[in-house]
Amino acid sequence: MKFDLTPLLRPHIVNLQPYTSARDEYTGKEGIFLDANENPYGSVTDEEYNRYPDPYQEELKTEIAGIKNVKPSQIFLGNGSDEAIDLLFRAFCNPGKDNVILLPPTYGMYEVSAGINDVETRKVPLTADFQLQPDLILKETDENTKIIFVCSPNNPSGNKVEREDILKLLRNFHGLVVVDEAYIDFSDEPSFTNYLNEYGNLLVMQTFSKAWGLASLRLGMAFASKKMIKILNRIKPPYNISGLTQQTVLAAIQKVDKVNAMIADILQEREYLRKEISQLDFVEKIHPSHANFLLVKIPNAGHVYDDLIEEKIIVRNRSKVQLCEECLRISVGTRAENNAFIQALKKIHAESYNL
Ligand SMILES: Cc1ncc(COP(=O)(O)O)c(C=O)c1O
């Protein structure tokens, strides 16, 4: 399907003049730099951070392109995926007029970002086994619907979403389909980046926060058409990715073997945790997971959550979330952490029934 991005954009974004720095005009590394009011003596720290970083992260994008099988021009880097989510609202959604479609239960930031940007959210719940209802979703759209947010593997349920259903949205929706793949590294499912050249309305998000173990650095990726990436680059804060993050991730990318070993460990622990929890007769359901967490249905989940906190074990209470009633979301920990969780769960259950 031929896709024209421009009519979807907020009108003032089409002609917006982005911030430019002197380094956009002079890209050489050698010279006497008296353009950016930096400190010429260096930094107060042992490492030197006195110069502003590359605003478009070219070196890092070249490396990421290599491991993700996309072109550098198809990559946007944000201060976490959350920055990309916010920029999408700012680029495409007119406050008080446009709307987006959310598919609950799903990742909470889509709704928060919509709220910050004063954009209406229309909700089409997932099915009981957390799959899309594409026909209902499409029915809910109108000419002011700008984005559909799909999360696969889904947070908080952990399952992967049927590929054909997402493709149906891509083929039949006039606006953007965002596929959030924050947990894709824990799944056997191929990435939707494979469809970037086919669908101009596709934007895929991934992150260094999960499998790569770099949550504190804040580095999220968005993959889309060259035109869409240009828009995001025009509206982002000029130096949104710190030099320290760029350098650290450049080095991290050379350690793909270590990442793969950590993923293998997490998958093994996910299975261990699943087996151990499945042996507790009071547990009602463990939802199948393609992510690094399990969604588990337990009677009185809210109380169990509070009791776990007393034991200094913190999980995510999803017991009041639609379709996740009485459920806790448990991140896969190390073997020792997983065992501590299981022991605490057994103890809480025994105490509450005076066993
Ligand atoms: C589905 C999903 N998308 C995005 C994020 C945020 O990622 P980042 O740390 O890159 O902002 C999370 C974090 O939990 C998530 O669950």
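When a ligand or atom number is given, it counts from 1 through the structure's own listing order.
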Taking only distance into account, with no hydrogens and no angle test, what donor-acceptor pairs under 3.5 Å do side-chain atoms of residues 63-71 form with protein atoms, sequence neighbours excluded?
residue, atom, partner, partner atom, Å
E63, OE1, Q254, NE2, 3.3
K68, NZ, Q206, OE1, 2.7

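Applying the ring pair (Phe, Tyr, Trp, His ring centres under 6.0 Å) rule to Y239 yields the partners Y52; only residues at least two apart in sequence or on another chain are considered.
Each of G80, S81, D82, Y107, C151, N155, D180, A182, Y183, T207, S209, K210, R218 has a non-hydrogen atom positioned under 4.0 Å from some atom of ligand 1.
L34 belongs to a hydrophobic cluster with I32, counting contacts under 4.5 Å between side-chain heavy atoms of Ile, Leu, Val, Met, Phe, Trp and Tyr, direct or through other members.
Aromatic ring orientation, F293 versus Y183: perpendicular (interplanar angle above 60°, classes split at 30° and 60°).
A heavy-atom distance below 4.5 Å is found between the side chains of L88 and I147.
Note that R318 lies outside the cation-pi zone of Y305, set by a 6.0 Å cut-off to the ring centre and a 45° limit from the axis.
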